[in-house]
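Below: one structure, written as structure tokens.
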Amino acid sequence: MNKVKPSKLLFVINPISGGTSKETLEESIYDFCQSHSINPNIYFTTGITEKDKENLLSIQQQYQPDAIIAVGGDGTINLVAGQLVNTPTPIGILPAGSANGLAKDLDIPENIEEALQVIYRFNIKKIDTLKINDINCFHLSDFGFNARVCHRFADSLWRGKLSYVWFGLQ
């Protein structure tokens, strides 16, 4: 299902991922899209998972993007990809999280301009997913100490790599 180029992209930005501001990121997305004749639609997550899922479904149905781009970390990817399982709509990733594990494993550059070029090439790859207790896993699933650290991190509003260290030390 590779296309020559996308013409409509929905960017789902998690404003708290990675503990950094996304203002310049939003500007970079608009500039990139304008220079490549792409019609962008940007949605900022609210942090309320069910509300975000409903909003994304509604926007996707109305806008019908060529792909939905998760702008954040692995949590943002899980939110977006969970909506796209068994649909023809592909997901793209702009790594803007704390660790960006899946993006690293897929060789997506952490530099936003380079990652946007990867999205523009629109080379779609299928990946395997895992479902545990009705929860989709797109990168890692864990148990024990690391799972506890990740769970605390997910429940916290504090973002960035230092928060992982903090929760691990506790």
Side-chain angles (χ1 to χ4, degrees), residues 1-3 6 8-19 22 41-110 112 115-116 118-119 121-161 163-168 170:
M1 178 179 136
N2 290 2
K3 291 185 174 183
K8 292 181 3 179
L9 296 174
L10 171 57
F11 292 84
V12 178
I13 300 177
N14 181 340
I16 67 165
S17 66
K22 305 299 180 293
N41 190 337
I42 294 182
Y43 172 77
F44 284 91
T45 60
T46 65
I48 303 168
T49 303
E50 291 308 313
K51 180 178 179 182
D52 286 330
K53 286 179 181 180
E54 288 175 22
N55 290 343
L56 287 175
L57 183 60
S58 175
I59 293 168
Q60 182 182 5
Q61 289 173 342
Q62 292 174 11
Y63 184 62
Q64 298 186 352
D66 296 318
I68 300 179
I69 313 304
V71 185
D74 291 335
T76 310
I77 293 166
N78 282 339
L79 171 71
V80 173
Q83 299 289 99
L84 299 177
V85 171
N86 299 319
T87 73
T89 306
I91 182 175
I93 301 171
L94 283 183
S98 297
N100 303 312
L102 182 58
K104 286 179 184 173
D105 287 346
L106 294 173
D107 293 323
I108 297 171
E110 287 198 29
I112 295 302
L116 283 165
V118 170
I119 290 167
R121 286 194 292 272
F122 219 61
N123 183 16
I124 299 168
K125 297 179 185 179
K126 291 186 177 190
I127 64 169
D128 292 325
T129 63
L130 176 67
K131 193 173 219 176
I132 301 173
N133 294 331
D134 263 351
I135 298 172
N136 290 307
C137 304
F138 299 96
H139 182 234
L140 296 174
S141 59
D142 217 333
F143 59 92
F145 175 75
N146 193 51
R148 185 176 177 142
V149 171
C150 290
H151 184 71
R152 287 184 175 182
F153 176 83
D155 287 345
S156 170
L157 294 178
W158 187 26
R159 291 293 179 253
K161 292 178 183 175
S163 61
Y164 279 112
V165 173
W166 173 252
F167 292 120
Q170 287 182 336

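If you're wondering where the values come from, they're calculated on a predicted model, not measured in any experiment.
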Open item on the list: Measuring only between side-chain heavy atoms, which start at C-beta, is Lys22 closer than 4.5 Å to Ser17?
Closed with: yes

- [ ] Keeping the roles fixed (side chain from Asp66, backbone from Lys8), state whether a donor-acceptor pair exists under 3.5 Å.
- [x] yes

TODO: To the nearest 0.5 angstrom, please state how far the CG atom of Leu102 sits from the CD1 atom of Ile108.
DONE: 6.5 Å

- [ ] Working to the nearest 0.5 Å, report the span between CD1 of Ile68 and OG1 of Thr89.
- [x] 6.0 Å

- [ ] List the atom of Ile48, the atom of Thr46, and the distance in Å for their closest heavy-atom pair.
- [x] N-OG1, 3.0 Å

Open item on the list: With heavy-atom distances below 4.5 Å as the criterion, would you say the side chains of Pro90 and Leu84 are in contact?
Closed with: no

Task: Distance in Å, Ile77 CD1 paired with Asn14 CG, rounded so as to fall on 0.5 Å steps - done: 11.0 Å

TODO: Heavy atoms only: give me the nearest Ile119-Pro6 pair and the separation to one decimal.
DONE: O-CG, 4.3 Å

Open item on the list: I'd like to know whether Asn136 forms a side chain to side chain contact (heavy atoms under 4.5 Å, CB included) with Asn78, so could you lay out the CA-CA distance, the side-chain angles of the two residues, the decisive distance to 0.1 Å, and finally the verdict.
Closed with: CA-CA 7 Å; Asn136 290 307; Asn78 282 339; over 6 Å; no

Open item on the list: Restricting to non-hydrogen atoms, name the atom on Thr45 and the atom on Pro15 that form the minimum distance, rounded to 0.1 Å.
Closed with: OG1-CD, 3.3 Å

Task: N-O pairing of Glu54 and Lys51 below 4.0 Å - done: no

- [ ] Applying side chain to side chain contact (heavy atoms under 4.5 Å, CB included), run through Ile127 and Leu106 and close with a yes or a no.
- [x] CA-CA 10 Å; Ile127 64 169; Leu106 294 173; 4.2 Å; yes

- [ ] Mind running side chain to side chain contact (heavy atoms under 4.5 Å, CB included) on Val12 and Asp52 for me, showing each step along the way?
- [x] CA-CA 10 Å; Val12 178; Asp52 286 330; over 6 Å; no

Open item on the list: Nearest 0.5 Å, please: how far is CD1 in Ile91 from CD1 in Ile69?
Closed with: 8.0 Å

Task: CG on Leu116 to CZ on Arg121, rounded to 0.5 Å - done: 11.0 Å

Task: Nearest heavy-atom neighbours spanning Pro95 and Ala115 - done: CD-CB, 4.0 Å

Open item on the list: Working to the nearest 0.5 angstrom, can you tell me the gap between Asn41 CG and Gln62 CD?
Closed with: 9.5 Å

Open item on the list: Test your reading of the model: is there a side-chain donor-acceptor pair from Gln83 to the backbone of Lys53, 3.5 Å cut-off?
Closed with: yes

Open item on the list: Can you give me the closest heavy-atom contact between Tyr63 and Leu10, atom names plus distance?
Closed with: CE2-N, 4.1 Å

Task: Leu94 versus Ile112, closest heavy-atom pair with distance - done: CD2-O, 4.1 Å

